[in-house]
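Basis for what follows: all heavy atoms, side chains included, without hydrogens, waters or symmetry-related copies. As the structure is a computational prediction, the values presented were derived from the model and not from experiment.
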Amino acid sequence: AARRIHPNDPQRIQRALEVYELSGSTATELYARPTAQSLPYKIVKLIVAPRDRILLRDRIAKRFQAMLREGLVAEVEVLRRRGDLDLEKPALRAVGYRQVWNYLEGKINCEEMGKSAIIATCQLAKRQFTWLRREPDALWLDSLSEDCFQTALDFFADALERPLEGM
């Protein structure tokens with residue numbers, strides 16, 4: 001890991017050390033072990049999300065506004081006052097926290113904070129969708145579809161009837 005992780009990437013270095021300390025194996029060794037095909041149970045993958053990206057953006061915006069009403073600014077203010085945190089810490093890289101932190105430091109106004117947090121969340125959602133599209137054998141369900149729940153139940157029932165692969 002030391003050869004492939006850049007010395008200026010402390011988060012990945014720490015993760016590699018934690019993996020080794022907890023497992024006694026390197027991450028490379030762990031990834032080389034047999035995968036889900038050797039599990040004694042079935043893996044069933046469902047991805048539930050709204051198909052309409054505009055609707056998703058609206059939901060993200062509403063959720064961020066709700067977080068503000070529920071005290072996000074006060075929460076970040078408490079973190080700022082601790083004195084041992086800054087925007088380089090992984091915990092403060094979370095979407096929303098960085099934007100509120102910048103607002104509290106007077107770098108952006110309230111409107112800019114909201115817009116940038118919503119944009120950052122939409123970008124995160126896009127990356128998550130990209131990652132999920134690579135997931136083999138997953139059933140995509142539109143969260144707003146009236147038959148979403150029934151389709152999921154039917155998918156599970158069908159999966160339970162199929163024999164385990166490799167057994």
Side-chain angles (χ1 to χ4, degrees), residues 1-39 41 43-141 143:
R3 282 190 293 274
R4 71 181 161 75
I5 298 174
H6 194 279
N8 293 337
D9 194 344
Q11 189 171 353
R12 284 198 173 91
I13 292 169
Q14 182 177 350
R15 187 178 309 132
L17 292 171
E18 288 171 349
V19 166
Y20 185 77
E21 186 174 319
L22 290 171
S23 69
S25 301
T26 66
T28 303
E29 291 168 344
L30 289 175
Y31 290 132
R33 290 183 183 167
T35 60
Q37 288 90 2
S38 64
L39 296 174
Y41 47 85
I43 302 293
V44 178
K45 302 173 196 174
L46 293 178
I47 300 168
V48 181
R51 286 194 200 283
D52 184 342
R53 296 297 187 260
I54 294 171
L55 176 64
L56 179 59
R57 187 193 184 290
D58 290 345
R59 285 180 156 194
I60 288 169
K62 286 178 185 172
R63 178 64 188 131
F64 185 72
Q65 294 303 319
M67 290 169 65
L68 291 176
R69 284 191 305 276
E70 293 167 11
L72 178 62
V73 174
E75 178 182 339
V76 176
E77 180 59 42
V78 168
L79 295 173
R80 278 185 72 240
R81 279 193 250 124
R82 282 181 35 175
D84 63 334
L85 296 172
D86 59 55
L87 290 179
E88 299 307 312
K89 301 286 189 280
L92 292 174
R93 290 190 200 142
V95 174
Y97 280 74
R98 175 178 300 275
Q99 291 78 15
V100 173
W101 189 287
N102 285 330
Y103 164 69
L104 291 170
E105 290 194 344
K107 294 178 181 175
I108 57 176
N109 64 37
C110 189
E111 184 179 342
E112 291 168 327
M113 172 192 62
K115 285 181 181 177
S116 63
I118 291 165
I119 288 168
T121 306
C122 290
Q123 290 168 340
L124 173 61
K126 184 177 179 181
R127 287 191 302 275
Q128 290 171 330
F129 276 108
T130 298
W131 182 76
L132 288 168
R133 275 193 284 278
R134 290 186 229 139
E135 199 60 40
D137 304 319
L139 174 66
W140 282 78
L141 297 173
S143 59

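- In this structure the side chain of Thr28 reaches within 4.5 angstrom of the side chain of Arg4, judged on heavy atoms.
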**Request:** Please test Leu79 against Arg82 for side-chain contact (heavy atoms from CB on, under 4.5 Å), starting from the C-alpha separation and ending with a verdict.
**Result:** CA-CA 5 Å; Leu79 295 173; Arg82 282 181 35 175; 4.2 Å; yes

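- Residues Met113 and Val100 form a side-chain contact, since some pair of their non-hydrogen atoms from C-beta on lies under 4.5 Å apart.
- In Glu111, the CD atom is not crowded: 12 or fewer heavy atoms of neighbouring residues, nucleotides or ligands sit closer than 6.0 Å.
- We find the OH-CD distance between Tyr97 and Glu75 to be 3.0 Å, quoted to the nearest 0.5 Å.
- Closest non-hydrogen pair, Ala125 versus Ile60, comes out as CB-CD1, 4.3 Å.
- Here the CD1 atom belonging to Ile5 is positioned 11.0 Å from the CD atom belonging to Gln11, to the nearest 0.5 angstrom.
- The minimum heavy-atom distance between Pro50 and Phe129, with the atom names listed, is O-CZ, 4.4 Å.
- Side-chain N or O atoms of Gln99 include one that pairs as donor or acceptor with a backbone N or O of Gly96 at under 3.5 Å.
- Side chains of Tyr103 and Glu112: a donor-acceptor N/O pair is absent below 3.5 angstrom, by distance only.
- Summarising the geometry of Trp101 relative to Leu87, their closest heavy-atom pair is CG-CD2, 3.5 Å, with the distance given to 0.1 Å.
- Taking both residues in full, the closest heavy atoms of His6 and Ile13 are given as O-CD1, 3.8 Å, listed atom of the first, atom of the second, then distance.
- Going from atom OG of Ser143 over to atom CG of Leu55 covers 7.0 Å, rounded to the nearest 0.5 Å.
- With rounding to the nearest 0.5 angstrom, the CZ atom of Arg63 is 12.5 Å from the CD1 atom of Ile118.
- Counted within 6.0 Å of NZ on Lys45, heavy atoms from surrounding residues, nucleotides or ligands total more than 12; the atom is thus considered enclosed.
- Heavy atoms from other residues, nucleotides or ligands lying under 6.0 Å from CD of Glu21 number 12 at most.
- When all heavy atoms of Ala117 and Val95 are compared, the closest pair comes out as O-CG1, 3.8 Å.
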**Request:** Walk me through it: do Leu68 and Val73 pass the test side-chain contact (heavy atoms from CB on, under 4.5 Å)?
**Result:** CA-CA 6 Å; Leu68 291 176; Val73 174; 3.8 Å; yes

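- In this structure, Gly114 and Phe64 approach most closely via the heavy-atom pair CA-CE2, 3.7 Å.
- Atom CG of Leu22 has more than 12 heavy atoms from other residues, nucleotides or ligands within 6.0 Å.
- Ion pairing between Arg80 and Glu77 holds under the 4.0 Å rule for side-chain N and carboxylate O.
- Looking only at distances, a side-chain donor or acceptor of Arg53 sits under 3.5 Å from a matching main-chain atom of Arg51.
- Here the CD1 atom belonging to Ile47 is positioned 4.5 Å from the CG atom belonging to Leu132, to the nearest 0.5 angstrom.
- To the nearest 0.5 Å, the span separating CZ on Arg59 from CZ on Arg57 amounts to 15.0 Å.
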